[in-house]
Amino acid sequence: VEELTRFLEELSDEIYWEVFQHVFKANTTHNLTFASLVLAHAGWFIDFEFPAVPATHIAKMLEDGQEEEALAFLEKYFESRRPAIESELLDRFPSRQKILRTGFQLHDDGAYEASVPLFLIQADGVCHDIYGAELFRIKGGSLAVQMKVKQRSVDWIWEAASTPLRSALPLAVHEKPGNGKFNRHLILHGKSLDYGTKQNSLRAMSLLSYLQGMAEYEISKRSTSNS
C-alpha cells in the first residue's frame, strides 16, 4: 500500500488523471456488465436512470440468494418510475402510443394477465424499430439481434449496458413449462398460466424502458459527436 501511495504521489497531475480514468472505466465497465447480465437473467433490465451502485449491490444480492429483498427494491424502483417510463416510450415511439397506453392502463388496473404479454409483444416491435431485428429470436445460442447491436456501439458505457442484448436470455429462449421462469415463449404460447403478477408486469415494463433508454443514449451520443 505504501509503495502504491508513493507511486501515485510521484505522478504528474495529467498522468494521475489518466490513471484514474483508466481505473474508473475498467471498474465501472465490470460492474455495469455484471449487474446488467445478472439482473437480465432474473428477468429485470436496468434503464439509464437506475443508480449504478445499487445496481451492483442488487445483482450481488440475487447471486447470494437474497432474492426477496432484491426483488422488493426492484419492484419499488420501477413502480416509482412507471409514469416517466410511459412518457418516455410515448415520446420515442409515437406510432405505438395507443397500444402502450392500453398496456400501462392494464398494469394500473391490476390486469397483469393482459399487461404482461402486451408489453412483451411491444418490446419485440420496439427492438425492431431500433435495430431492425426481432428481440426474441435466438440464433447460434444468442439473440439474433446481437450483430445489429454490436454495429451500433457508441462508447464503453453503451457497450457494457448492451450486454443483455448480446446474450442468450432466459426470457427469450424456449423453456419447458413448469420451471417457474419468466419466459416470453411460455407466456405468449399459452404454456404458462401463473405469469399474471405485478412483478412480472414490472419486469416486462423494465425491458421496454431499457430498450428506450439504449436508443435515447445512442441518439444523444451521436448527436454530441456530430455537433
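Sequence positions, counted from 1, serve as the residue numbers for this chain.
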A.B. asks: Is a salt bridge present between E49 and R81, judged by a nitrogen-to-oxygen distance below 4.0 Å?
C.D. replies: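 Answer for the salt bridge query: no.
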A.B. asks: For the residue pair R203 and N200, establish whether any side-chain heavy-atom pair is separated by less than 4.5 Å.
C.D. replies: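 Of all side-chain heavy-atom pairs linking N200 with R203, at least one is under 4.5 Å.
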A.B. asks: For I99 and Q122, what are the C-alpha separation, side-chain angles and deciding distance, and is it a side-chain contact (heavy atoms from CB on, under 4.5 Å)?
C.D. replies: CA-CA 8 Å; I99 300 174; Q122 289 309 297; 3.5 Å; yes
A.B. asks: Which of parallel (below 30°), tilted (30 to 60°) and perpendicular (above 60°) describes H107 and F119?
C.D. replies: tilted
A.B. asks: Check A114 against L106 and note the closest heavy-atom contact, atom names and distance.
C.D. replies: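 Looking at all heavy atoms of both residues, the shortest contact is CB-CD1, 3.7 Å.
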A.B. asks: In sequence, state the C-alpha distance, the side-chain angles, and the governing distance for E75 and W44, and then conclude on side-chain contact (heavy atoms from CB on, under 4.5 Å).
C.D. replies: CA-CA 10 Å; E75 285 189 40; W44 296 91; 4.1 Å; yes
A.B. asks: Which heavy atom in V145 sits nearest to a heavy atom in C127, and how many Å separate them?
C.D. replies: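 Looks like CG2-SG, 3.9 Å.
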A.B. asks: Please assess Y195 against Y112 for the test ring pair (Phe, Tyr, Trp, His ring centres under 6.0 Å), listing each intermediate value before the final yes or no.
C.D. replies: CA-CA 8 Å; Y195 69 86; Y112 306 127; over 10 Å; no
A.B. asks: With side chains defined as the heavy atoms from C-beta onward, is the minimum distance between E67 and L62 less than 4.5 Å?
C.D. replies: yes
A.B. asks: Indicate yes or no: at least one non-hydrogen side-chain atom of R152 is less than 4.5 angstrom from one of Y131.
C.D. replies: yes
A.B. asks: Residues two or more places apart in sequence or in another chain: which of them pass side-chain contact (heavy atoms from CB on, under 4.5 Å) with L90?
C.D. replies: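 Checked L90 against side-chain contact (heavy atoms from CB on, under 4.5 Å); matches are E86, Q97, L100, R101.
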A.B. asks: Hey, are the side chains of E88 and D47 touching, using non-hydrogen atoms and a 4.5 Å cut-off?
C.D. replies: no
A.B. asks: May I ask you to check whether over 12 heavy atoms, not counting those of E79, lie within 6.0 Å of atom CD?
C.D. replies: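 Enclosed: over 12 neighbouring heavy atoms sit under 6.0 Å from CD of E79.
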A.B. asks: If only side-chain N and O atoms count, and only distance matters, is there a donor-acceptor pair under 3.5 Å linking T163 with S36?
C.D. replies: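 T163 and S36 do not have a side-chain donor-acceptor pair below 3.5 Å.
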A.B. asks: Between Y210 and F45, what is the ring plane arrangement, given parallel below 30°, perpendicular above 60°, and tilted in between?
C.D. replies: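 Geometry flag for F45 against Y210: tilted rings.
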A.B. asks: Do you know the tightest heavy-atom contact between P117 and I187?
C.D. replies: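 In this case the closest contact between P117 and I187 is CB-CG2, 4.4 Å.
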A.B. asks: Mind checking what makes side-chain contact (heavy atoms from CB on, under 4.5 Å) contact with Q105, not counting sequence neighbours?
C.D. replies: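 With neighbours one apart ignored, the set is D108, D109.
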A.B. asks: Determine, for E218 against R222, whether the closest basic-nitrogen to carboxylate-oxygen distance falls under 4.0 angstrom.
C.D. replies: yes
A.B. asks: Hey, are the side chains of V126 and L135 touching, using non-hydrogen atoms and a 4.5 Å cut-off?
C.D. replies: no
A.B. asks: Hey, are the side chains of P164 and L169 touching, using non-hydrogen atoms and a 4.5 Å cut-off?
C.D. replies: yes
A.B. asks: Please examine the side chains of Q199 and F182, heavy atoms only from C-beta on, and report whether any two atoms are closer than 4.5 Å.
C.D. replies: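 No - every pair of side-chain heavy atoms lies 4.5 Å or more apart.
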A.B. asks: Where do V149 and S162 come nearest, in terms of heavy atoms and distance?
C.D. replies: CG1-CB, 3.8 Å
A.B. asks: Taking ring pair (Phe, Tyr, Trp, His ring centres under 6.0 Å) as the definition, give me every residue that meets it alongside Y77, ordered by chain and number, with sequence neighbours left out.
C.D. replies: F50
